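Sequence positions, counted from 1, serve as the residue numbers for this chain. The structure presented is a predicted model; accordingly, all values stated were derived computationally and were not measured.
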Amino acid sequence: MEDGLKVLLIDDEDDLVSTLVERLEIRGVYAVGVNTGNQALEQVRSGDFDVVVLDVKLKGEDGVEVMKRIKQVRSSLPVILLTGHMSQEASEAGFKAGAIDYILKPINLDDLILKMNEAINLYKK
């Protein structure tokens with residue numbers, strides 16, 4: 001795993017975000033977790049993240065719309081969508097809007113780290 005990997009996690013489930021941040025940091029990943037699109041945009045503007053992991057369904061917000069706003073701020077930031085169930089329609093909308101990959105809940109941490117590294121490597125090309 002790459003040392004110094006910086007990830008922004010966006011999910012409205014507080015327990016999931018705090019657990020993921022803790023588990024990623026144990027593995028040497030710098031992780032920041034937020035619960036809303038507005039918090040995510042603040043972090044993207046002020047932080048230097050390598051990758052974003054974004055839940056498709058946030059309370060009162062559409063994750064794909066949040067991703068579009070993130071891409072307006074920093075178009076080169078790879079985004080991985082996070083979902084409990086990915087429909088064909090949702091995945092097409094996500095990829096069309098700029099998502100690089102998606103991962104299903106419950107999250108396998110090894111899979112997530114692998115996808116984050118792949119996403120970063122794709123954007124470095």
Side-chain angles (χ1 to χ4, degrees):
M1 192 201 74
E2 293 178 21
D3 277 333
L5 183 65
K6 297 179 203 156
V7 60
L8 175 61
L9 300 165
I10 309 155
D11 196 305
D12 55 10
E13 294 178 47
D14 285 331
D15 291 344
L16 176 67
V17 170
S18 59
T19 300
L20 274 176
V21 166
E22 189 177 295
R23 290 180 65 203
L24 286 167
E25 288 189 340
I26 288 169
R27 301 224 189 169
V29 175
Y30 174 76
V32 172
V34 297
N35 304 111
T36 70
N38 285 338
Q39 291 171 333
L41 287 169
E42 286 175 29
Q43 288 293 327
V44 168
R45 285 186 185 109
S46 65
D48 185 27
F49 296 98
D50 299 311
V51 63
V52 170
V53 178
L54 169 63
D55 192 9
V56 173
K57 292 189 192 286
L58 300 168
K59 282 186 190 115
E61 295 182 275
D62 176 353
V64 173
E65 289 303 314
V66 172
M67 178 179 58
K68 287 176 183 175
R69 294 187 348 233
I70 288 171
K71 291 288 191 178
Q72 287 174 345
V73 174
R74 213 172 126 211
S75 62
S76 63
L77 188 59
V79 177
I80 298 170
L81 295 177
L82 176 63
T83 184
H85 51 281
M86 188 63 122
S87 70
Q88 183 68 28
E89 187 179 295
S91 67
E92 284 177 16
F95 288 124
K96 191 174 183 179
I100 198 157
D101 206 343
Y102 71 92
I103 191 162
L104 294 172
K105 294 178 186 178
I107 298 168
N108 175 302
L109 202 59
D110 291 329
D111 288 346
L112 178 60
I113 291 170
L114 178 69
K115 284 180 182 279
M116 289 189 306
N117 281 310
E118 286 174 349
I120 291 163
N121 288 333
L122 277 172
Y123 266 74
K124 283 182 180 174
K125 288 183 178 178

Check: [X] side chain, [Y] main-chain N or O, donor-acceptor pair, under 3.5 Å:
{"X": "Asn35", "Y": "Asp11", "answer": "yes"}
{"X": "Ser75", "Y": "Gln72", "answer": "no"}
{"X": "Lys59", "Y": "Glu13", "answer": "no"}
{"X": "Glu61", "Y": "Gly37", "answer": "yes"}
{"X": "Asp50", "Y": "Lys6", "answer": "yes"}

For a side-chain contact (heavy atoms from CB on, under 4.5 Å) with Lys115, tell me which candidate from Ile120, Ile100, Ile80 qualifies.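 With Lys115 as partner, side-chain contact (heavy atoms from CB on, under 4.5 Å) holds for just one option, Ile80.
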Between Asp110 and Arg27, is there a side-chain N and carboxylate O pair less than 4.0 Å apart?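 A salt bridge links Asp110 with Arg27.
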I'd like to know if Lys68 pairs up with Glu65 as an ion pair, taking the criterion as any Lys NZ or Arg NE/NH1/NH2 lying under 4.0 Å from an Asp or Glu carboxylate oxygen.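 Judged by the 4.0 Å cut-off on N to carboxylate O distance, Lys68 and Glu65 do form a salt bridge.
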Nearest heavy atoms of [X] and [Y], plus distance in Å:
{"X": "Val51", "Y": "Ala119", "value": "CG2-CB, 4.3 Å"}
{"X": "Ala97", "Y": "Met67", "value": "CB-CE, 3.4 Å"}
{"X": "Val64", "Y": "Ala93", "value": "CG1-O, 4.0 Å"}
{"X": "Asp15", "Y": "Thr19", "value": "O-OG1, 2.8 Å"}

What's the separation between atom [atom1] in [X] and atom [atom2] in [Y], rounded to the nearest 0.5 Å?
{"X": "Arg69", "Y": "Asp62", "atom1": "CZ", "atom2": "CG", "value": "10.0 Å"}
{"X": "Asp12", "Y": "Ile10", "atom1": "CG", "atom2": "CD1", "value": "11.0 Å"}
{"X": "Phe49", "Y": "Leu5", "atom1": "CZ", "atom2": "CG", "value": "11.0 Å"}
{"X": "Ile103", "Y": "Leu82", "atom1": "CD1", "atom2": "CG", "value": "7.5 Å"}

Should the heavy atoms of other residues, nucleotides or ligands under 6.0 Å from NZ of Lys57 be counted, would the total exceed 12?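 Atom NZ in Lys57 is not crowded, with 12 or fewer foreign heavy atoms closer than 6.0 Å.
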Considering only heavy atoms from C-beta outward, does the side chain of [X] approach that of [Y] to under 4.5 Å?
{"X": "Leu24", "Y": "Ile113", "result": "yes"}
{"X": "Lys105", "Y": "Leu16", "result": "yes"}
{"X": "Ile70", "Y": "Gln43", "result": "no"}
{"X": "Leu9", "Y": "Val7", "result": "yes"}
{"X": "Leu20", "Y": "Leu109", "result": "yes"}
{"X": "Leu81", "Y": "Asp101", "result": "no"}

Side chain to side chain contact (heavy atoms under 4.5 Å, CB included) between Lys71 and Val44, intermediate numbers included: CA-CA 10 Å; Lys71 291 288 191 178; Val44 168; over 6 Å; no
For Leu8 and Val34: C-alpha separation, side-chain torsions, deciding distance, then whether side chain to side chain contact (heavy atoms under 4.5 Å, CB included) applies. CA-CA 8 Å; Leu8 175 61; Val34 297; 4.1 Å; yes
Joint cluster assignment, Leu114 & Leu122, ILVMFWY side-chain distance < 4.5 Å: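 No, no single cluster joins them.
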